[in-house]
Amino acid sequence: MEGKISKKALAVWELAALLAAAVLAAAIWLLLPDGSFFWYLLLWLTGFFLVLCEFLYLPLRYENELYCSNEDYVEYQRGLIIFARTRILKRSVLYVSVVRTPLSLLLNTRTVVVCSMGARMAIPFLPVKDAEALLSDLTPHSPALQPRIFDRKGRRHA
């Protein structure tokens, strides 16, 4: 199983960048004297970085968000400037959760959280069908038959 996160993630990131730029522009507008060189410089720089972020950084970041699951491991890679790849062996998966937030209800997406011994991986903005398929793929199919540390009477193994 291989795939990408939902395109709705790109819209959320762009909306967040636009909101941050609007707050920064409003602060510049209110706190600095109108018409000064510094006022114009900061407003133009805010606009420049907004355009750079909206049309270059965020689309390239979206293209680098990938996940893949095969018979041995599950892997999630992300990033643009700082590139990160997380790989977890399927045999070491302790539990898998599908997280639903108020934002994910609006976007019809879910976040899959995979926990293993010493690692945790969260794959955000997955479509609901993909999240459920990944959940069923990663869930262990054979539960532990006997406890590993204690025997049936509660005594510790040697």
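Keep in mind it's a predicted model, so treat the numbers as computed, not measured. These numbers come from the heavy atoms of this one structure, side chains and all, not from hydrogens, waters or symmetry mates.
- Linking Ile, Leu, Val, Met, Phe, Trp and Tyr whenever their side-chain heavy atoms come within less than 4.5 Å puts Tyr62 and Ile81 in one cluster.
- Between Asn70 and Asp72 the shortest heavy-atom distance is OD1-N, 3.0 Å.
- Heavy-atom minimum distance, Leu32 versus Trp39: CB-CD1, 3.9 Å.
- By the rule that hydrophobic residues join a cluster once side-chain heavy atoms approach within less than 4.5 Å of another member, Leu41 and Phe49 end up as members of one cluster.
- By the criterion of side-chain heavy atoms lying less than 4.5 angstrom apart, applied directly or through intervening Ile, Leu, Val, Met, Phe, Trp or Tyr residues, Leu24 is not grouped with Val51; the two fall into different hydrophobic clusters.
- For the pair Trp13/Phe125, a side-chain contact is recorded, criterion being any heavy-atom separation below 4.5 Å from C-beta on.
- Taking OG of Ser116 as the reference point, atom CD1 of Ile88 lies at 4.0 Å (rounded to 0.5 Å).
- Counting all heavy atoms, side chain and backbone alike, Ile5 lies closest to Pro124 at CG2-O, 3.2 Å.
- Annotation for Leu50 and Ala17: closest pair CD1-O, 3.7 Å, computed over non-hydrogen atoms.
- A distance of 4.0 Å separates CZ of Arg87 from CD of Glu75, quoted to the nearest 0.5 Å.
- With side-chain heavy atoms closer than 4.5 Å counting as contact, directly or through intermediates, Phe83 stands alone and belongs to no larger hydrophobic cluster.
- Rounded to the nearest 0.5 angstrom, Leu42 CG and Ile28 CD1 are separated by 4.5 Å.
- Proximity of Val74 to Met121: side-chain heavy atoms (C-beta onward) are separated by under 4.5 Å at one or more points.
- No side-chain heavy atom of Val113 sits under 4.5 Å from any side-chain heavy atom of Val96.
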(request) Determine, stepwise, if the pair Lys4 / Glu63 fulfils salt bridge (Lys or Arg N to Asp or Glu O under 4.0 Å). (result) CA-CA 8 Å; Lys4 294 179 65 70; Glu63 288 297 322; 3.7 Å; yes

(message) Could you go through Leu10 and Leu58, starting from their C-alpha distance and side-chain angles, then the distance that decides it, and tell me whether this counts as side-chain contact (heavy atoms from CB on, under 4.5 Å)?
(response) CA-CA 7 Å; Leu10 183 60; Leu58 291 177; 4.0 Å; yes

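- A donor and an acceptor atom, one from each side chain of Tyr76 and Glu65, are located under 3.5 Å apart.
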(message) Using the rule given for side-chain contact (heavy atoms from CB on, under 4.5 Å), can you reason through Arg100 versus Leu105, listing the C-alpha separation, both sets of side-chain angles and the distance that settles it, and then say yes or no?
(response) CA-CA 7 Å; Arg100 182 185 71 179; Leu105 282 174; 3.4 Å; yes

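- Under a hydrophobic-cluster definition in which Ile, Leu, Val, Met, Phe, Trp and Tyr are linked whenever side-chain heavy atoms come within less than 4.5 Å, directly or via other members, Leu56 and Val12 are assigned to the same cluster.
- In this structure the side chain of Val114 reaches within 4.5 angstrom of the side chain of Leu138, judged on heavy atoms.
- In this structure, OG1 in Thr109 is found 8.0 Å from CG in Leu126, a value given to the nearest 0.5 Å.
- Between the side chain of Ser97 and the backbone N or O of Val99, no donor-acceptor pair lies under 3.5 Å.
- Atom CZ of Arg110 sits about 15.5 Å away from atom CD1 of Ile123, to the nearest 0.5 Å.
- Looking only at distances, no side-chain donor or acceptor of Asp130 sits under 3.5 Å from a matching main-chain atom of Ala133.
- One hydrophobic cluster, built from ILVMFWY side chains closer than 4.5 Å, holds both Leu45 and Phe37.
- Contact check on Lys90 versus Asp137 returns a salt bridge, with a Lys/Arg side-chain nitrogen under 4.0 Å from an Asp/Glu carboxylate oxygen.
- The shortest side-chain heavy-atom distance between Val112 and Tyr67 does not fall under the 4.5 Å cut-off.
- Nearest heavy atoms, Ala21 versus Thr46: O-CG2, 3.8 Å.
- Using modelled atom types, no side-chain atom of Asn64 and backbone atom of Leu80 make a donor-acceptor pair closer than 3.5 Å.
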(message) Between Met117 and Leu94, is the side-chain contact (heavy atoms from CB on, under 4.5 Å) condition met? List the steps.
(response) CA-CA 7 Å; Met117 297 175 279; Leu94 295 175; 4.1 Å; yes

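- The heavy-atom pair separating Ser69 from Leu134 by the smallest distance is CB-CD1, 3.9 Å.
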